[in-house]
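What follows is one structure encoded as structure tokens, with my remarks underneath.
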Amino acid sequence: MEKYQTETLAIHAGYNPKNGDPLVLPLNQSTTYKYDNARQVADWFDLKAGGHIYSRLSNPTVCALEDKLAALEGGVAAVCTSSGQSASMLAVLNIASAGDHIICAATIYGGTYNLFYYTMKKMGFSVTFVDLNAPIEELRKAVRKETKCVFAETLSNPQAIVLDIEKFARLAHEAGIPLIVDNTFATPYLCRPLEWGADIVTHSCTKYLDGHATSLGGVVVDGGKFNWKNGKFPELCEPDPSYHGTVYTEWFGAAAYAVKLRAQLIRDIGNYLAPMNAFLINLGTETLHLRMQRHSENALKLAQWLSGQEGTAWVRYPGLEDAEDHELAKKYLPKGCSGVFTAGIKGGRDGVERFMNALKLASIAVHVADLRTMVLHPASMTHRQLTDEQQKEAGITPDLIRISVGLENIDDIIADFEQALKAV
Ligand code: PLP
């Protein structure tokens with residue numbers, strides 16, 4: 001499928017029906033599989049041949065989605081997980097152990113912040129949050145001997161700040177470690193981080209890939225180019241005692257990272273994607289390209305309109321010409337800047353509340369990246385568990401609302417915001 005463009009891959013990659021097969025990817029709602037030959041199953045358990053053993057490890061519907069997402073991102077393999085949170089955790093756990101250190105962008109989804117700062121801290125990891133806009137000389141100071149990866153989002157949640165992927169890739173590669181990029185908000189239609197030097201890409205498939213708010217899911221895509229044999233990642237290059245001595249880099253070459261993640265972590269932790277969710281996420285992904293075009297167009301128009309309104313204190317969208325990251329947006333996101341942005345509503349927290357309560361078409365929702373327009377107040381919702389100091393570090397001010405612009409007619413969206421701003 002590699003010769004096809006993104007639009008074609010979104011529809012066709014991952015499933016290649018043969019004569020008489022269903023044209024639509026079938027939902028294989030089965031935990032288990034039947035075999036004629038005991039030796040064949042033993043070979044599959046030994047990872048000597050591909051085949052499905054049990055749906056905690058693989059499933060034909062989920063694997064079709066994995067192949068589609070790997071093709072869309074330009075990676076060599078992908079593993080789907082039960083949520084975006086699982087994808088973020090496994091992407092790091094696959095190459096780091098207790099005592100190791102992670103460098104992470106400070107402007108990041110609140111759930112990822114909590115995962116790295118609290119839960120993974122309990123597991124023995126430490127994390128340094130760095131300013132996305134800091135010069136590389138400053139960022140280098142965060143690197144330690146035990147640092148195992150750099151993690152950041154292409155477009156940060158909630159402010160949609162554009163990551164300078166090449167700068168972060170340089171930081172990681174100078175230290176001999178991979179750059180993991182959460183590409184949830186950009187999607188592979190707007191940006192393919194692997195082409196700019198990232199090594200691993202993750203997604204919350206719950207967002208634009210599904211696009212219809214039906215299914216939780218995540219994915220980790222292996223770029224297949226990182227040199228795991230540089231001495232820093234023995235777990236990938238030495239016999240795995242938990243998998244009778246498998247040496248991932250020797251047996252699986254470019255896909256070593258993805259195979260290890262499935263064979264070891266998904267096997268043990270059990271957070272694989274459910275077939276039904278894969279079926280629905282695949283359906284959503286088939287129209288990803290069309291939706292991302294319209295999300296981006298609508299978001300730009302709404303951001304431009306809001307910028308001139310009395311009730312708004314400020315508007316931040318990388319697609320606006322006066323945005324500080326507009327040049328980065330032109331470089332990394334030439335097709336559009338996706339559908340999420342932030343604005344400040346006058347009157348602080350009370351003004352925000354009056355505005356949100358007055359919305360009629362747009363919903364107050366904790367979700368984002370859906371075809372319905374949604375608004376959220378991060379300080380009291382998604383980032384509520386963070387201290388004031390942590391919120392400040394993540395750029396969350398009390399007047400900030402996150403807008404996820406949907407696919408409704410833009411005039412209707414603007415009319416709704418116009419009437420709601422009158423309540424501020
Ligand atoms: N990454 C980003 C950028 C997100 O916005 C989210 C959720 O909002 C996640 C990861 C976590 O994904 P999930 O909710 O599917 O666990």
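Only this structure's heavy atoms are used, side chains among them; waters, hydrogens and symmetry mates stay out.
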Looking at every heavy atom in both [X] and [Y], which two are closest together, and how far apart are they?
X	Y	answer
Pro188	Leu209	CD-CD2, 4.3 Å
Ala77	Ala70	C-CB, 3.9 Å
Ile180	Thr202	CG2-CG2, 3.9 Å
Cys191	Leu333	CB-CD2, 3.8 Å

Donor-acceptor pair, distance only, cut-off 3.5 Å: does the side chain of [X] make one with the backbone of [Y]?
X	Y	answer
Thr312	Leu306	yes
Ser86	Asn271	no
Lys260	Asn94	yes
Lys346	Val352	no
Thr206	Gly217	yes
Ser307	Ala303	yes
Asn28	Ser30	no
Ser156	Glu153	no
Lys331	Asp164	no
Thr61	Pro26	yes

Ionic contact status for Asp322 with Arg316, cut-off 4.0 Å: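 No, Arg316 and Asp322 are not salt-bridged.
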
Phe125 ring center near His101 ring center (under 6.0 Å):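 Ring centres of His101 and Phe125 not closer than 6.0 Å.
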
Looking at side-chain heavy atoms only, is the closest gap between [X] and [Y] below 4.5 Å?
X	Y	answer
Thr81	Ile266	yes
Leu216	Ser82	no
Tyr317	Thr342	no
Lys301	Ile413	no
Leu302	Phe341	yes
Ser380	Arg349	yes

Suppose the criterion is salt bridge (Lys or Arg N to Asp or Glu O under 4.0 Å): which pairs have a residue in [range], not counting sequence neighbours?
range	value
residues 86-105	Asp100-Lys148
residues 262-278	Glu66-Arg262
residues 394-414	none

Does atom [atom1] of [X] have more than 12 heavy-atom neighbours, drawn from other residues, nucleotides or ligands, at distances under 6.0 Å?
X	atom1	result
Asn409	CG	yes
Arg384	CZ	no
Met356	CE	yes
Lys392	NZ	no

Pairs where residues 155-191 contributes a residue and the test ring-ring contact (aromatic ring centres under 6.0 Å, His included) is met, not counting sequence neighbours: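 Those involving residues 155-191 do not exist here.
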
Ring pair (Phe, Tyr, Trp, His ring centres under 6.0 Å) between Tyr248 and Tyr257, intermediate numbers included: CA-CA 7 Å; Tyr248 296 102; Tyr257 172 94; over 10 Å; no

ring-ring contact (aromatic ring centres under 6.0 Å, His included) partners of Tyr33, counting only residues at least two apart: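 Only His52 meet the ring-ring contact (aromatic ring centres under 6.0 Å, His included) criterion with Tyr33.
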
Result of checking His295, His203, His289 against Tyr208 for ring-ring contact (aromatic ring centres under 6.0 Å, His included):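 Filter result, single survivor: His295.
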
Would you mind writing out the side-chain donor-acceptor pairs for residues 103-122 within the sub-3.5 Å range, not counting sequence neighbours?
| from | atom 1 | to | atom 2 | distance (Å) |
| --- | --- | --- | --- | --- |
| Tyr113 | OH | Glu393 | OE1 | 3.4 |
| Tyr118 | OH | Gln390 | NE2 | 3.1 |

